[in-house]
2 protein chains.
Amino acid sequence: MADAEPERNDAPKIDMSYLEGTIGYAIRRAQLAVFADIYRSFGKDGLTVVKFSVLAVIADNPGINQAMLAEALDVERPRMVPLLNDLEKSGFVSREANLHDRRNKSLKLTDAGRLMLDEHKRRFSDHEARLSAWLAESRPEDVLSLLWKVARLRA
Amino acid sequence: MADAEPERNDAPKIDMSYLEGTIGYAIRRAQLAVFADIYRSFGKDGLTVVKFSVLAVIADNPGINQAMLAEALDVERPRMVPLLNDLEKSGFVSREANLHDRRNKSLKLTDAGRLMLDEHKRRFSDHEARLSAWLAESRPEDVLSLLWKVARLRA
DNA sequence: TATTGTTATACTCTATAACTATA
DNA sequence: TATAGTTATAGAGTATAACAATA
């Protein structure tokens with residue numbers, strides 16, 4: 001009943017008390033629960049979280065180049081290449097040559113990309129509403145209990 | 001200055017306001033910051049976080065089998081095999097045949113495994129002390145700000 | 001039939017190094 | 001020389017399917 005006890009009643013009796021008392025383990029489980037819930041909202045036909053993030057940043061920063069985008073999202077530059085290849089192939093992002101500095105490519109959303117992003121923002125807000133409601137129910141004060149509360153979102 | 005603004009002053013001016021307003025993005029960044037800090041404490045010669053978790057669970061549940069361990073840590077059963085192979089090769093874990101049910105293997109820490117675990121628990125507590133001190137400095141009340149505060153741990 | 005440990009496969013992610021074309 | 005995009009590579013992590021031994 002206490003928020004600090006993240007037990008599942010169907011699980012066998014394994015002593016996890018040490019790990020469950022650490023913020024590191026709690027935040028990892030909480031993050032996985034949140035992402036699982038996001039994917040629940042995105043659905044089978046949905047974008048990955050990373051691609052959604054890429055579209056969201058390009059939308060608010062039209063003309064941004066790949067290096068800046070990678071830095072903003074804290075992923076390595078080489079990671080952006082297959083990601084943007086896919087998004088370009090899907091018709092959501094355009095890569096235009098930058099005339100002022102031909103090393104750069106200027107990233108923009110296509111109309112289809114804008115529609116896809118908006119649709120996923122709607123789906124994302126379903127997730128956020130679910131999470132907010134879950135936390136509003138009874139929000140633990142200490143950090144560890146709060147993270148375990150998040151981790152139990154639709155556990 | 002406000003806790004809700006996770007800006008880095010060295011970064012270029014990119015509008016990240018949408019993602020930074022979501023718990024999903026904040027908890028991901030917070031989790032990465034926490035793990036980075038754990039690895040800072042574990043050091044170059046240290047275990048991975050997963051291997052540390054495996055040792056910690058076996059220590060408190062001697063004789064546990066691989067399937068139960070996998071379920072407890074929420075990793076797939078096949079993942080445990082190379083993990084335990086490594087830990088066995090390193091001399092930290094023993095896999096004994098279970099006489100009552102010969103499908104099972106009974107996992108135990110070796111003396112070296114116990115020493116390795118204890119050493120890493122000490123290093124882990126350094127991390128936790130650093131994190132606690134960081135949060136005690138000024139702990140934001142709302143979840144989003146709290147996560148961004150965590151995410152800025154040694155950012 | 002069901003379960004444990006295992007193998008195999010495939011895809012994603014992370015982290016580097018190095019190449020090319022530009023500047 | 002430095003930077004942007006790219007290629008290549010290697011190591012983790014994730015997710016499934018399937019197999020042998022055992023129950």
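Excluded from the calculations below are hydrogen atoms, water molecules and symmetry mates; all remaining heavy atoms, backbone and side chain alike, are included. Numbered from 1 within each chain, the chains take letters A, B, ... in sequence-line order.
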Peer 1: Whole-Å distance between C/dG5 P and B/Glu76 CD?
Peer 2: 14 Å
Peer 1: Can you identify which nucleotide, out of D/dT22, D/dT16, D/dG5, has its nearest atom closest to the B/Pro78 side chain?
Peer 2: D/dT16
Peer 1: Rounded to the nearest 0.5 Å, how far apart are CZ of A/Arg29 and CG of A/Leu19?
Peer 2: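 Taking CZ in A/Arg29 and CG in A/Leu19, the distance rounds to 9.5 Å.
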Peer 1: Please report the distance, rounded to the nearest Å, between CG in A/Asn104 and P in D/dT3.
Peer 2: 12 Å
Peer 1: Salt bridge check: are B/Lys149 and B/Glu137 linked by an N-O gap of less than 4.0 Å?
Peer 2: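 Counted as a salt bridge, because a side-chain N and a carboxylate O are separated by less than 4.0 Å.
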Peer 1: Nearest whole angstrom, please: distance from the C1' of D/dG5 to the CG of A/Asn65.
Peer 2: 9 Å
Peer 1: In terms of side-chain geometry, is the basic nitrogen of A/Arg123 or A/Asp45 positioned less than 4.0 Å from the acidic oxygen of its partner?
Peer 2: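 Looking at A/Arg123 and A/Asp45, the cut-off is met.
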Peer 1: When the nearest nucleotide of DNA chain C is assigned to B/Lys105 and to B/Leu32 on a heavy-atom basis, which residue is associated with the more 5' position?
Peer 2: B/Lys105
Peer 1: Does A/Ser106 or B/Thr48 map to a spot on DNA chain D nearer the 5' end, using the closest nucleotide for each?
Peer 2: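 This one resolves to A/Ser106.
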Peer 1: In this structure, how many angstroms lie between the P atom of C/dT14 and the CG atom of A/Asp74, rounded?
Peer 2: 9 Å
Peer 1: For B/Phe35 and D/dA12, give me the distance from atom CZ to atom C1', rounded to whole Å.
Peer 2: 13 Å
Peer 1: Base, sugar-phosphate, or nothing for B/Gln66, non-hydrogen atoms under 4.0 angstrom?
Peer 2: sugar-phosphate
Peer 1: Are more than 12 heavy atoms from other residues, nucleotides or ligands located less than 6.0 Å from atom CZ of B/Arg95?
Peer 2: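 Above 12, so yes.
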Peer 1: Rounded to whole Å, how long is the line connecting atom CD of A/Glu71 with atom C1' of D/dA4?
Peer 2: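 My rounded result for the distance is 13 Å.
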Peer 1: Applying the side chain to side chain contact (heavy atoms under 4.5 Å, CB included) criterion to A/Val54, which one of A/Val75, A/Leu47, A/Leu84 satisfies it?
Peer 2: A/Leu84
Peer 1: Calculate the interatomic distance between B/Tyr39 atom OH and D/dA12 atom P; express it in whole Å.
Peer 2: 10 Å
Peer 1: Please determine whether a side-chain nitrogen of the Lys or Arg among A/Arg114 and A/Asp118 lies less than 4.0 Å from a carboxylate oxygen of the Asp or Glu.
Peer 2: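 Yes, A/Arg114 and A/Asp118 are salt-bridged.
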Peer 1: Take atom CZ of B/Arg77 and atom P of D/dC19, then tell me their distance rounded to the nearest Å.
Peer 2: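 Computing the B/Arg77:CZ to D/dC19:P distance gives 17 Å.
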Peer 1: Heavy atoms within less than 4.0 Å of DNA chain C: which residues of residues 79-90 of chain A have one? Give them sorted by number.
Peer 2: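 Under 4.0 Å from DNA chain C: A/Arg79.
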Peer 1: Taking for each residue the nucleotide of DNA chain C bearing the nearest heavy atom, is the 5' side occupied by A/Arg103 or by B/Leu107?
Peer 2: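 The residue whose closest nucleotide sits nearer the 5' end is B/Leu107.
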Peer 1: Would you state whether a donor and an acceptor, one from the side chain of A/Arg102 and one from the base of C/dT22, lie under 3.5 Å apart?
Peer 2: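 Not at all, since no donor on one side and acceptor on the other fall under 3.5 Å apart.
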Peer 1: Just to verify, which of A/His127, A/Gln31, A/Glu128 counts as forming a side chain to side chain contact (heavy atoms under 4.5 Å, CB included) with B/Ile23?
Peer 2: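 Answer after filtering A/His127, A/Gln31, A/Glu128: A/Glu128.
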